[in-house]
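Remarks on the structure that follows.
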Amino acid sequence: MKSAGLTVREDAIGNIFGRWQGTEDTGVVGTGSHVDAIPYAGKYDGVVGVLGAIEAIRALRKVGFTPRRSLEVIMFTSEEPTRFGFGCLGSRAMAGSRDIYEILEGAVDKDNISFSEAARTAGYLKEGEELKSVAGSNGTYSGFVELHIEQGPTLENEGIAIGIVTAIAAPASLKVDFKGDGGHAGAVLMPFRNDAGLAAAELAVAVEKHVLASGSIDTVGTTGVLEIHPGAVNSIPREAHLEIDVRDIDGDRRDMVVEKIHQSAKEISNRRNVKLQTFEIVNQDPPAQSGATVVEAATSASEELGFKSKHMISRAYHDSLFMSRITPMGMIFIPCHKGYSHRPDEYSSMEDIVRGVQVLALTLAKLSNKS
């Protein structure tokens, strides 16, 4: 950021900002993404949006552009839920999301290191400083636009260079625990078992059933974690843990599916004589609509550059989802190979990245100079 001529600062939670000061003291135009990743992931998710934003600033400087509204690159901390089990920590905190600061105060990683301790060790959270200090406010930003790989196959399959996001689906994240009695795999006869593993497996299938029954292609559900204990081939599972993700662009429809999953968990627990120890809704964020001004600017930029584009929904959630709470936001998607993401062979070509950066640069210019 400094090498691009930006004034750099950090906040108490680990978000990093690089600002190009405009000629007028009006709402800032933000751009950026994240660079953290899940285990065994690729190197384009998020990173394209951070490095691409810096490169867009370089390009605008090179052609002699002067911003009216300040332009700011943001590298958000902890977009992925890998360490503390909660995604988009940086953007949630900036948006002042409900209960986020209390959640962060109590969050610990697998080594029992608290978020506050980690932030202090990294040099972000100073003595006497509070996490609440990172919260932005309505009016700080006049708009926010995020460049990102699509993480799906639509653009590549249709031969389209640019996706312009009109809405972001939001997840409801669930944690479920069943507990049975366990026992020896040979000694306990089938009629006398209360198998926590089978209860979990049945709930995973119920998730698929309820999602498909929603009647909308936009409703998706995933049981991404299923753990059983003790995990021995000759032992009946006595504990099972699931983590479930349900998403939709319609919050009411998604929440209806979540409730049906809850009812299925209770029914399975009663029928299989296992205890439903936990049914926790970890988060249940509302979906977000893109700002009309940002969509218009990105669409116009793509047209002026001669790139074929389409309006589309983001089915993955991003920091932009939370930035929408304090400013109009939008996203620019570029194709990724076979739609692969969150895996080591995630890939976007340099040609696609260049096109995305060009559209981003022109979009930033339009938003910066918009009256």
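Quantities reported herein were computed from a predicted structural model and do not represent experimental measurements. Keep in mind that the numbers below use all heavy atoms, side chains included, and drop hydrogens, waters and symmetry copies.
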For a quick check under 3.5 Å, do Glu243 and His241 share a side-chain donor-acceptor pair by atom type?
yes
Spatial distance of atom CZ (Phe84) from atom CG (Leu89) [nearest 0.5 Å]
8.0 Å
Examine Val8 and Ile54 and state if one hydrophobic cluster contains both, with Ile, Leu, Val, Met, Phe, Trp and Tyr joined whenever side-chain heavy atoms are less than 4.5 Å apart.
yes
For the student: nearest non-hydrogen atoms of Glu80 and Asp36, plus distance
N-OD2, 2.8 Å
Under the salt bridge (charged side-chain N to carboxylate O under 4.0 Å, His left out) rule, what do Asp345 and Lys338 come out as? Steps first, then yes or no, please.
CA-CA 10 Å; Asp345 51 356; Lys338 294 186 177 180; over 6 Å; no
Does the side chain of Glu72 come under 3.5 Å of the side chain of Tyr141 through a donor N or O and an acceptor N or O?
yes
Measure the spacing between CE of Met94 and CD1 of Ile100 and express it to the nearest 0.5 Å.
13.5 Å
Is there a side-chain contact between Ile244 and Phe279, using heavy atoms and a 4.5 Å cut-off?
no
For Ala95 and Phe322 the tightest heavy-atom approach is CB-O, 3.2 Å
Side-chain donor or acceptor of Ser269 paired with backbone N/O of Ala265 under 3.5 Å
no
Flag yes if more than 12 heavy atoms outside Glu129 fall under 6.0 Å of its CD atom; otherwise flag no.
yes
Between atom NZ of Lys175 and atom CD of Gln277, what is the distance when rounded to the nearest 0.5 Å?
14.5 Å
Would His318 and Val165 count as a side-chain contact (heavy atoms from CB on, under 4.5 Å) if you check the C-alpha gap in whole Å, the side-chain angles of each, and the deciding distance to 0.1 Å?
CA-CA 11 Å; His318 305 277; Val165 173; over 6 Å; no
Parallel, tilted or perpendicular, as decided by the 30° and 60° cut-offs, for the rings of His34 and His148
tilted
Under a 3.5 Å threshold, yes or no: a donor from one side chain and an acceptor from the other, between Asp245 and Thr222?
no
Take Arg272 and Asn194 through the side-chain contact (heavy atoms from CB on, under 4.5 Å) test and state the conclusion after the steps.
CA-CA 6 Å; Arg272 288 191 170 274; Asn194 47 10; 5.9 Å; no
Could you tell me whether Asp218 and Arg247 make a salt bridge, using a distance below 4.0 angstrom between a side-chain N and a carboxylate O?
no
For the OG1 atom of Thr77 and the CD atom of Glu10, what is their distance to the nearest 0.5 Å?
10.5 Å
Any side-chain heavy atom of Leu276 within less than 4.5 Å of one from Lys266?
yes
Is Glu208 atom CD crowded by more than 12 heavy atoms from other residues, nucleotides or ligands, each under 6.0 Å away?
no
Return yes if some donor-acceptor pair links the side-chain N/O of Arg120 with the main-chain N/O of Glu127 below 3.5 Å, else return no.
no
dist Ile74:CD1 -> Thr31:OG1 (nearest 0.5 Å) comes out at 8.0 Å
Any side-chain heavy atom of Lys260 sitting closer than 4.5 Å to one from Val246?
no
Going by distance alone, is a donor N or O of one side chain under 3.5 Å from an acceptor N or O of the other, for Ser300 and Lys366?
yes
Report yes if the side chains of Ile113 and Arg83 come closer than 4.5 Å at any heavy-atom pair, otherwise no.
yes
Would you say CG of Asp25 has more than 12 non-hydrogen atoms from neighbouring residues, nucleotides or ligands within 6.0 angstrom?
no
Go through it in stages, so that I can follow the logic: the residues are Leu125 and Ile13, the test is side-chain contact (heavy atoms from CB on, under 4.5 Å), and I'd like the CA-CA distance, side-chain angles, deciding distance and then a yes or no.
CA-CA 6 Å; Leu125 185 61; Ile13 207 170; over 6 Å; no
Pairwise side-chain contact, Val357 with Leu147, heavy-atom cut-off 4.5 Å (strictly under)
yes
Does any donor atom in the side chain of Arg355 or Ser302 lie under 3.5 Å from an acceptor atom in the other side chain?
no
Shared hydrophobic cluster for Ile160 and Ile332 (ILVMFWY, side-chain gaps under 4.5 Å):
no
Taking the side chain as every heavy atom from C-beta outward, state whether Leu104 and Phe86 have any pair of such atoms under 4.5 Å apart.
no
Atom CG in Asn15, atom CZ in Phe76: separation rounded to 0.5 Å?
6.5 Å
Before giving the answer on side-chain contact (heavy atoms from CB on, under 4.5 Å), spell out for Val220 and Arg315 the whole-Å C-alpha distance, their side-chain angles and the decisive distance to 0.1 Å.
CA-CA 9 Å; Val220 294; Arg315 302 183 191 283; 5.6 Å; no
Can you run down the side-chain hydrogen bond (donor to acceptor under 3.5 Å, both in side chains) pairs that involve residues 155-172, sequence neighbours left out, and say none if there aren't any?
Glu158-Lys310
Is the shortest heavy-atom distance from the side chain of Leu367 to the side chain of Arg69 under 4.5 Å?
no
Look at the side chain of Ser368 and the backbone N and O of Arg68, then say whether any donor-acceptor pair between them is shorter than 3.5 Å.
yes
Under 3.5 Å, is there a donor-acceptor pair between the side chain of Thr278 and the main chain of Glu280?
no
